[in-house]
Amino acid sequence: MRNYLFAVCLMFCSVAVMAQPQHVLWYDKPAVSWNEALPIGNARLGAMLFSAPSSDRLQLNEETIWAGKPNNNTNPEAREWLPKVRELVWQGKYKEATDMANEHVMPSLDKNMNKGMPYQPFGDLIISSPTIGDYSNYYRELSLDSACSVMTFKANGVNYKREYLASLSDNVILVHLTADKPGSITCSATFTTPQQDAILMSEDGGIKLIGTSGWHEGQKGKIMFCGRATAKSKGGQVTCNDGSLQIRNADEATIYVTIATNFKKYNDVSGDDKALSKQILDKALQKSFEKIKAEHTAKYKSLYDRVKLTLGSLRTLDNNPTDVRVERFKETQDLELAETYFQFGRYLLICSSQPGTQPPTLQGIWNDKMLPSWDSKYTTNINCEMNYWQAEVGNLSELTEPLFSMIADLTETGHESARVMYGADGWVLHHNTDLWRITGAVDRAASGLWQSGAAWLCQHLWEHFLYTGDKDFLHKVFPYIEGAVRFFNQTLVREPKTKAWVICPSLSPENEHANHKATIAAGVTMDNQLLFDLFSHYLQASAILGVKSSSQGEMLCDSVKVKLSELLPIQTGSWGQLQEWQDDWDNPKDEHRHISHLYGMYPSNQISPYRTPELAAAARKSLIHRGDPSTGWSMGWKVCLWARLLDGNHAWKLIGDQMTLIRPKYTNEFHKTGGGTYPNLLDAHPPFQIDGNFGCAAGIAEMLLQSHDGFVYLLPAIPDVWQDGRVTGLKARGGFEVDMKWSGGKVTEVAVTSTLGGNLRLRSAVPLTMNGKKLKAAKGENRNSFFDVTTYKQKQQINYPDAIEPLPELAKTYLYDIPTNKGQRLVLKRH
């Protein structure tokens, strides 16, 4: 077996030297735990592959199988009691405010309200091969380059191979079985499910599992689902009886699987799951495995191949399985595994977010539990947003459509919650939502009485415009932004001491403030930062679209300008930290996973080492005191933050912390050993949350390229170990696409494609030339409006100047202005 594995690895090494690096997850044994299985998906269907030769398991999901039914969870009592809760906050009675909110504002199960529905599994496809007993030469892999998985092994003198894919083009999952001896494929396949209301049967030469999703918190399951599987073979025989699909003595065979539901929209479950699943399967059966694979791979590569990353000039592929490489990561400084981890984040987004589908949940599209942790919903106080941080810079811009579609739904349900709970116009979103687009407060007040979800989601709309320059898109989504603005314009209140406009009650997700042992507060830093972004971007969008031409639009713009100017400033505290709350409550020993007050540094751009060095220094102090090791997603965020602080070595250290191997505990997956990475590279909160994968991928992109600070910055935060490398296809704001080569930690060649035209302001650690000529040094403000950081400036208040520890001295750089035309490609070289 060792000789076989060595040969496989040698093959990979030789291919890697000759061609582009291949990024593959591989293992020398089947998966036992779910967190060892390998994920495939097409955003509608997902499967976790265990790849056991004699009894193979594919754990299956369909994106719309959720418990419950169309509903919203607004509490009509809230409108009466929120002013009373606010008054307790003004009096400093934070615990009493929390208790009152729990009693009268949060949803009550006793009053036919709920806290959101869980995302649920369809079940499993079990492939049993009774003729396979002992086996050798076992190998399984997931290729990130093709989005296909393969298992090979030897049994009874026969070499077997199984290929798995979730087709992006045909909405089916395929399992292709081959062997090097004719007539060797004999197996049976059937469905199992944890869903209670389900029936398994044979029909039309295949198997069918129909059922209804589960009850939860008084909400009867209304999702009807139908899964189908059938097979085609060369040689041998395919039969079906009693819910079992039988393949006997075939030379090769392909099992086709699909699932459909009656879900049409958050408020419409009138679809025909049985007819739809049959239609999909019948259409796919007209194509061979080879044709579907070719079409799937082509569609996948049209997205995945846009960005390539190579760290290091020598390809020294580690000869160990992927889980061993993760385990040894800190000692080996495995650059190729870092590349793979970055591309794995892009792979997961392609597989879980396609136009016309649902956005990825806390677990993307993969979940095996009827009651997953936190219901595997959409947590909008960080996690849902983090899922899309890599999309624009990672050149996967169109994959944001599911998020934007969900926002459109939320403006409708959120309007109801705004009216019922707050007596306000516009729309509101608290810290969770689900398939049914609930927008009321969820869970307990300590985490759920947070009103700023809409403000954060709207930033993704604005960022999409900054990257694409798509005015038609901005015009379409402007009502969503305006709706969020209208809600806050009507619900902000004057803080008694400062007279500033604040959100109250609110909280800094999900952290207690020192001495009071409560979360409820007013004027928290994250809220103020989110409001600054929402209001300023609304005003900028209004000017671009000419909204002020109407009297109603002008009145709202004027009101927003006043409130924007009277928000609380970002403040620093007594030990040189960035204050998390209006008052200086920060505990220097606090290592909470949420670092919400640093939103202003990332993903926002309000805090910058160049423009606001004292705030950046205070943010750095807060980040140091929070510590590095944390939950998986928190470490992904910290990679992004240290990149924004231009500290590549610390960002790399955080990547190492996130690559801490978490071996599954087979008796209890929910274990609190600290965050890291499971053997299958999925992020360990623990348990699994996909946002850590997405967040760290975004952080690696930020280490390579930044464009938030008024310029495009080349290699702003690469660590010392990334001495040589190459990246192609990263996107910058303003419609610029950037390819780079570097050596000795410095850029040697840059190619920039301008899709929109306009001024390119470029920052580099080395002088650059174009066509052998020196470049023009930048002067004044960047006249490219996509890089505007001066029209609206966040206020800052340095309360204890002597406590601020200055930032490390900024590296010497060169700043250039280069005029570009639409479609122009520029090539620049190190001088």
Side-chain angles (χ1 to χ4, degrees), residues 307 309-313 335 338-339 342 393 601-602 605 607-613 616-617 620 639-655 699-734 736-753 759-779 782 784 787 789 806-818 820 826-831:
V307 174
L309 173 63
T310 304
L311 300 175
S313 56
L335 299 183
E339 299 168 11
F342 169 73
V393 66
M601 185 162 67
Y602 187 94
N605 65 345
I607 300 172
S608 157
Y610 282 96
R611 291 180 289 110
T612 61
R620 184 176 185 272
V639 174
C640 299
L641 290 164
W642 281 108
R644 285 284 173 94
L645 286 168
L646 310 178
D647 191 337
N649 287 329
H650 206 132
W652 177 247
K653 193 265 182 187
L654 257 300
I655 293 172
I700 291 172
E702 285 293 315
M703 296 164 73
L704 296 164
L705 185 74
Q706 296 179 16
S707 60
H708 63 283
D709 213 6
F711 46 82
V712 176
Y713 197 165
L714 308 176
L715 303 182
I718 64 167
D720 293 340
V721 296
W722 294 5
Q723 281 294 297
D724 306 294
R726 177 176 184 173
V727 66
T728 60
L730 292 179
K731 296 297 290 286
R733 292 161 181 84
F736 296 107
E737 184 170 317
V738 180
D739 303 340
M740 287 182 284
K741 295 180 183 178
W742 68 93
S743 179
K746 306 294 183 183
V747 167
T748 57
E749 186 174 324
V750 187
V752 181
T753 302
N759 185 59
L760 169 62
R761 176 161 290 188
L762 203 62
R763 187 179 291 276
S764 168
V766 296
L768 298 172
T769 63
M770 186 167 64
N771 299 324
K773 298 179 181 179
K774 292 183 179 180
L775 297 173
K776 180 180 178 182
K779 292 183 180 179
N782 190 347
N784 189 326
F787 293 87
V789 291
L807 291 170
E809 184 177 354
L810 294 174
K812 179 183 178 181
T813 57
Y814 300 82
L815 193 64
Y816 302 110
D817 276 339
I818 308 171
T820 73
L826 313 173
V827 178
L828 304 96
K829 295 186 178 182
R830 181 175 177 176
H831 182 58

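Everything numeric in this text was worked out from a predicted model, so none of it was measured.
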- Item | CE on M740 to CG on L828, rounded to 0.5 Å | 12.0 Å

- Message: Strictly distance-based, threshold 3.5 Å: is any side-chain N or O of S707 a donor or acceptor partner for the main-chain N or O of R733?
- Response: yes

- Query: How close do S764 and L714 get, heavy atom to heavy atom, and via which atoms?
  - Reply: CB-CD1, 4.4 Å

- The residue among Y610, Y816, F736, F787 that forms ring-ring contact (aromatic ring centres under 6.0 Å, His included) with F711 is Y610

- Shortest non-hydrogen contact from E702 to H708? OE1-ND1, 4.5 Å

- Query: Any ion pair linking D817 and K776 (charged N to carboxylate O, less than 4.0 Å)?
  - Reply: no

- Any side-chain heavy-atom pair from L704 and V738 closer than 4.5 angstrom? no

- Can you see which heavy atom on G699 is nearest to which on A643, and at what distance? O-CB, 4.2 Å

- Item | Carboxylate-amine/guanidinium contact R611 D709, below 4.0 Å | yes

- Item | W742/W722 aromatic ring centres below 6.0 Å | no

- Considering all heavy atoms, the nearest L762-I818 contact: CD2-CD1, 4.3 Å

- Note on the structure: The reported gap from CG in L646 to CD1 in I718 (rounded to nearest 0.5 angstrom) is 12.5 Å

- Item | Exam field: side chain D739 to backbone A751, donor-acceptor pair closer than 3.5 Å | no

- Is there a side-chain contact between N649 and D647, using heavy atoms and a 4.5 Å cut-off? yes

- Task: Considering non-hydrogen atoms only, spot the tightest contact between P719 and G648 and give its length.
- Result: CB-O, 3.5 Å

- Message: Can you list everything that forms a side-chain contact (heavy atoms from CB on, under 4.5 Å) with K746? Sequence neighbours excluded, please.
- Response: A765, V766, R830

- Note on the structure: Taking every heavy atom of I700 against every heavy atom of A338, the minimum-distance pair comes out as CD1-O, 4.1 Å

